[in-house]
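In the text below, chain A, chain B and the rest are named by the order of the sequence lines, each starting its count at 1. Just so we're clear, the structure is a prediction, and the values are computed from it rather than from any experiment. Note: hydrogens, waters and symmetry copies are ignored here, and every other heavy atom, side chains too, is used.
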Amino acid sequence: MKQLRHISIVWFAFILIATGCSGGTSGSKEEGAQQEKVLTIGNTIDNVTFDIHNHGNTQTESIHVNIFEYLVKKDGDDPRKKLPGLAVSWERTDDLTWRFKLKEGVKFHNGDPFTAADVKFTLERVAKDKSLVDYSSYSNIDQVNVIDEFTVDVITKEPDPILLARLSRISSGILPAAYFEKVGVKGFMDDPVGTGPYKFSKWIKDDRIELVKNTDYHGEKPNWDRVVFRTIPESTTRISELLTGSIDIAVIIPPGDIQRVKDSGSTYYVDKESARVQSLLVRQTPGTVTENPKVREAIELAIDKKAVIDNVLGGAGVPTQEAIGPGILGHSPELFNTDIYNVERAKQLLAEAGYPDGVELTLSSPASTKEVAETLAAYLTEASFKVNLEILEQTQYKQRDNSNTFKELALQGKGNSMFEAPLQLEIFITENAAGQTDYSNKEVDELLKAAATNLNDEERAEQYERAQAILAQDRPRIFLYQNKFNYGVNNRIDFTPRTDEMFYADDIKLKEDE
Amino acid sequence: MLKVFKAGLKNITQSKTGAAGLAVLLVIICISIAAPLIAPYDPAQANITRKLVPPSWAAGGTTEFLLGTDNLGRDIWSRIVHGSRVSLIVGFCSVAVSGFIGIALGLIAGYYGRWIDAVIMRIVDAFLAIPTILFMMLFMFVLGEGIGTLIFVIGITGWVSYTRMVRSEVLSVRERDYVRAARVVGAKDSRIIRLHIMPNVISSFIVISTLSIGRVIISEAALSFLGLGIQSPAVSWGGMLSDGRQYLATNWWVATFPGIAITITVLAIIFVGDWLRDWLDPKLN
Amino acid sequence: MGIYIYRTLLQIVPVLFIITLIVFILVHVTGDPVAMMLPDTASAEDREILTQALGLDRPLYVQYYIFLSNLLQGDFGNSFRYGEAALPIVLERLPASFELAAASMLVACCIAIPFGIWSAVKRNSVFDLFISGVSVLGKAMPSFWVGIMLILIVAVQMGWTPVSGRGGFSYLILPAITLGTGIAAEMTRLVRSSMLEIIGQDYIRTARSKGLREMIVINKHALRNALIPVVTITGLQLTNLVGGSLVVETVFSWPGMGQLIVQAINSHDMAIVQASVFVIALMVILINLATDIAYRALDPRIKYNR
């Protein structure tokens, strides 16, 4: 009996200790935090890595831009406009070469001076190591030559009209060459070092990343003492954190919560057009129903894009018929924000195509957009299509996508971290489309290939616009809408979203400071 | 058979909760069988022009939609009626699958013993050491979603308790005199199993499997929440509850009704299970 | 006793082997980790390059052989998601998970033990019915639903607790209640039935017939003996606890193993999935062994060598 008493005492004591310990350690920290200026942002996924060359994730980049800096920075509203970052000036010296003058007197967080050697190391690492995830976006860089301590030449294999776009995104944050080589990838993951206004402080995986201000920052003094990025995947939880004031900004407000964020009295709602375009991939393979252009047209006419946006996305989108949005070179205004919904015409086209009683179609969609897919299916049914809806979990969707085994239609969102046309359009070149949509149009091929290495922006814009006009007729994809991404923001914060979805902490201000 | 039925009927009058549970369960089964007749609308047909209509008795509701509509304008009552099919089919079929695997392996392990028994019991230990929901997630993830997969997954992760139950039953029966005698006389294994072992096993099986059906319905909801449940256009209560959670604060009816449906069904099953246990197998209590 | 422990320990080895086999086959049957790692815009060539660089193009048995021999050295491979060794990442999550598990178990015990005992003592009373009703209800509600309702009511409406995340004691309250009540439902029933069994035994009846006051009978005689099976019951709830934490940690953004596993499965991070399943299984087996030994040590009626 004594033994029993001991065991139960030990068992309870151990529970109490386990719960008590953690209570003690972090409680005191919260109290000290009151004096500090802290910005807290609620993301949906955790930081993927600190190896900036080895991921392709926008939310991760939105954390990293505070630690690492690019040579040139995108303007928040107009991503084509490039602002000085670590480079003070830049010019194209010949078709293959860009020359950058670097800012002097910049120091990394560990005290190392920033020089041309760091630029060479950073860009050549991602351009040469095929095992890195972001390699393909940089493989056109042939070499980076150090001219003097604060001058570098970036030399490409082919003329590259979008090099500046490449240098102002994910993998172009400048790494400290000497430190990185000394500590290796593993060491860098534990203690990443950049030149940015905020220094890495701690990372609790799947919980939070904390950054502290870099008092030696080379630019304007950082605005916040501490910036916290929390990971809150469950949207109900994220919105609740926002409403209770525990986080200042929450990303991705689901349609059901938009009104709540607007009405809460302590928060406001903002959205911004993104470069992400949602579309239906349409198979043109001989033998499929959608080989017939009339069927493809009927599909597009049957969908009330505006109603889908308003009712399913809570208004967070703009109807479109093209692959690229406003502000990106090659955008065609006449294809943007159009309303071509016409269910009667769709039925008529379908009848002309030889299917007066409708025809069967399979529509695949990732689970993340299943509500849109379900609504599209309803519209297509209205126009007398018979739709087999196939909702796939993310990985399975990607596998089907990679193996090109979708049937007639697949719902797909395409992001565009470059803010340039090639990424979005080159999938329509015959070789790239083979197996996927099996689309082939000689004129489109020629236009896109010519534009890829054309250094004359005016001509390039014309080539892309012409290609887009043809694509809107041929419909290898039926473009639906340009996504807006949205945020819930605490009233104490002044926050203007950027088209590139980055969170530059110093552009986010306390209202009382203004 | 009739005798058993009569005995059951007599017994159920003794248990109020059991009787209530049985009645509810019978109603749910009837609803699910007659789903297309009862449901006024196609459960999968979206119509965003009539989205988020409140239930008929609430302000803004119409008699057209008894329990209101969801975020895509689908009739919630129709979805619940059709969803009952999925919940019950998955519940019954997966219990059948795990019962089949479990009883077969339990019989083999208990009857033949030695290394076969050792191997089977180690597999049982391995399955017991991994939380069921984790196992289900892994299987669902690898095999892809669908009602068929879900039945298979829940079936293949749930057999362990049957195996343990059957094995211990077999072990105790095997040593009884009349079974030994039958073996000495040269009765075939299959005959011994059928005549002497199965009758002892069947009542425990009924009790355990009734309670498992309840657990299966809850597991399906958890899987939906984790993003690996049954996907549209198929309708399941778990999926409705999981999708509706976004609207809990603003449009309560979207998630509340599937939640109530799950709770009532599982409650009914637990009550029936408890009653069956008291009646058929008092020693399990 | 020594022989018993030795034999049980020996049995763990094949069990662990079977677990590695099941998980390895499962994870490698299908799935394309490369697809999850590359951005949407990657070409087929990029995928090919990455597949080769990661060694995923080799035959399955070679991958398994490598996996197993590495495993013996505690090396589960590198996490695709974090680019680091998987095992330390999993172990790093243990304190958070352990904290939540312990608190939930405390909640569960605080509910289940008194209520279970009380409803056994007052068998078939209104109270007993009420308790069994509530505990059945606890089993009939999915935990994510309970968690979200708690967040909306307690944290958002009332503002009594933080919504999510890990921090001081207050952060622990809601997740521990969500996870704890789910288990308490099952435990209450078990405690009640083991208590009933003991109350029905001869020496209790004797004590009662001797005219001892009810409270003394319950406290001195029944309670102590009833607590022995409770130790086992608590141990047996462990897998349920770990399983429940997958959902509860996701709802409350709790940075423990549960969320790690959910994220790893969603991003097809094989190394993490395998390492965490293995760690969980090992813990469950060891803790069950420990409770089993404790139980046997407490109750001399059980023999060790069957």
Side-chain angles (χ1 to χ4, degrees), chain B residues 16-17 21 118-119 121-144 211 214-215 217-228 237-238 241-242 244-246 248-249 255-256 258-259 262-271 274 284-285, chain C residues 11-23 25-31 129 132-133 136-137 139-145 148-149 151-152 156 189 193 196-197 238-247 250-251 258 261-262 265-266 268 273 276-278 280-285 288:
Chain B
K16 280 181 204 145
T17 48
V119 169
M121 290 323 283
R122 290 303 78 75
I123 297 176
V124 166
D125 287 345
F127 270 79
L128 277 178
I130 302 174
T132 324
I133 187 84
L134 174 53
F135 238 128
M136 289 181 188
M137 269 190 89
L138 283 172
F139 271 106
M140 270 318 249
F141 177 74
V142 168
L143 301 175
L211 293 171
R215 213 165 293 150
I217 295 174
I218 297 285
S219 302
E220 193 267 321
L223 277 178
S224 290
F225 171 76
L226 294 170
L228 292 164
W237 289 345
L241 183 63
S242 171
R245 69 184 192 270
Q246 223 193 77
L248 267 176
T256 304
I262 291 178
T263 309
I264 289 181
T265 310
V266 176
L267 273 181
I269 289 172
I270 292 176
F271 285 147
D274 281 345
L284 261 185
N285 201 341
Chain C
Q11 284 178 355
I12 291 178
V13 177
V15 171
L16 289 178
F17 177 77
I18 292 169
I19 289 172
T20 61
L21 198 61
I22 296 172
V23 172
I25 291 171
L26 203 53
V27 172
H28 285 73
V29 168
T30 176
L129 271 178
S132 51
V136 163
L137 206 62
K139 268 198 284 189
M141 288 193 296
S143 56
F144 72 86
W145 163 268
I148 290 172
M149 289 309 277
I151 287 183
L152 290 178
V156 179
R189 216 178 52 77
S193 60
L196 277 177
E197 198 180 307
L238 198 79
T239 34
N240 285 339
L241 200 66
V242 179
S245 72
L246 297 192
V247 170
T250 306
V251 171
I261 294 170
V262 173
I265 289 179
N266 284 332
H268 209 245
V273 170
S276 40
V277 168
F278 202 73
I280 287 178
L282 191 64
M283 279 188 340
V284 168
I285 291 172
N288 279 341

Asks: So which of Leu137(C), Ile12(C), Ile261(C), Asn240(C) has the largest heavy-atom pair count under 4.5 angstrom toward chain B?
Replies: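 Of the options given, most contacts go to Leu137(C).
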Asks: Step by step, would you call Met149(C) with Leu248(B) a side chain to side chain contact (heavy atoms under 4.5 Å, CB included)?
Replies: CA-CA 8 Å; Met149(C) 289 309 277; Leu248(B) 267 176; 3.9 Å; yes
Asks: With a 4.5 angstrom heavy-atom cut-off, is it the side chain or the backbone of Ile265(C) that approaches chain B, or both, or neither?
Replies: both
Asks: Side chain, backbone, both or neither: which part of Ser242(B) has an atom under 4.5 Å from a heavy atom of chain C?
Replies: both
Asks: Counting only heavy atoms closer than 4.5 Å, note whether Leu128(B) contacts chain C via side chain, backbone, both or neither.
Replies: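 Only the backbone of Leu128(B) comes within 4.5 Å of chain C.
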Asks: Taking every non-hydrogen pair under 4.5 Å, which of Val266(B), Ile217(B), Leu241(B), Thr132(B) racks up the most with chain C?
Replies: Leu241(B)
Asks: With a 4.5 angstrom heavy-atom cut-off, is it the side chain or the backbone of Val15(C) that approaches chain B, or both, or neither?
Replies: both
Asks: Shorter than 4.5 Å, heavy atoms on both sides: which option in Leu282(C), Ile280(C), Leu241(C) has the most such pairs with chain B?
Replies: Ile280(C)
Asks: Tell me, out of Phe278(C), Trp145(C), Phe144(C), who's got the most heavy-atom pairs with chain B below 4.5 Å.
Replies: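 Result: the option with the highest number of such pairs is Phe144(C).
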Asks: To the nearest 0.5 Å, how far apart are CD1 in Ile262(B) and CE in Met141(C)?
Replies: 11.5 Å
Asks: Of all heavy-atom pairs between Ile133(B) and Gly243(C), which one has the smallest distance, and what is that distance?
Replies: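 So the two residues come closest at CG2-O, 3.3 Å.
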Asks: For Arg122(B), which of Ile19(C), Val13(C), Ile18(C) qualifies under side chain to side chain contact (heavy atoms under 4.5 Å, CB included)?
Replies: Ile18(C)
Asks: Is it the backbone or the side chain of Ala118(B) that comes under 4.5 Å from a heavy atom of chain C, or both, or neither?
Replies: neither
Asks: Check whether Phe139(B) gets within reach of chain C through its side chain, its backbone, both or neither, counting any heavy atom under 4.5 Å.
Replies: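 Both backbone and side chain of Phe139(B) come within 4.5 Å of chain C.
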Asks: Select one option (side chain, backbone, both, neither) describing which atoms of Leu16(C) are under 4.5 Å from chain B's heavy atoms.
Replies: neither
Asks: Between Ile130(B) and Val277(C), does the side chain to side chain contact (heavy atoms under 4.5 Å, CB included) criterion hold? Intermediate values first, please.
Replies: CA-CA 7 Å; Ile130(B) 302 174; Val277(C) 168; 3.7 Å; yes
Asks: Heavy-atom distances under 4.5 Å only: say whether Leu246(C) touches chain B with side chain, backbone, both or neither.
Replies: both
Asks: Do Leu226(B) and Thr250(C) have side chains that get closer than 4.5 Å, going by heavy atoms?
Replies: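 Answer yes - side chains close enough.
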Asks: Which one of Ala129(B), Pro131(B), Ala221(B) has the most heavy-atom pairs closer than 4.5 Å to chain C?
Replies: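 Most heavy-atom pairs within the cutoff with chain C belong to Ala129(B).
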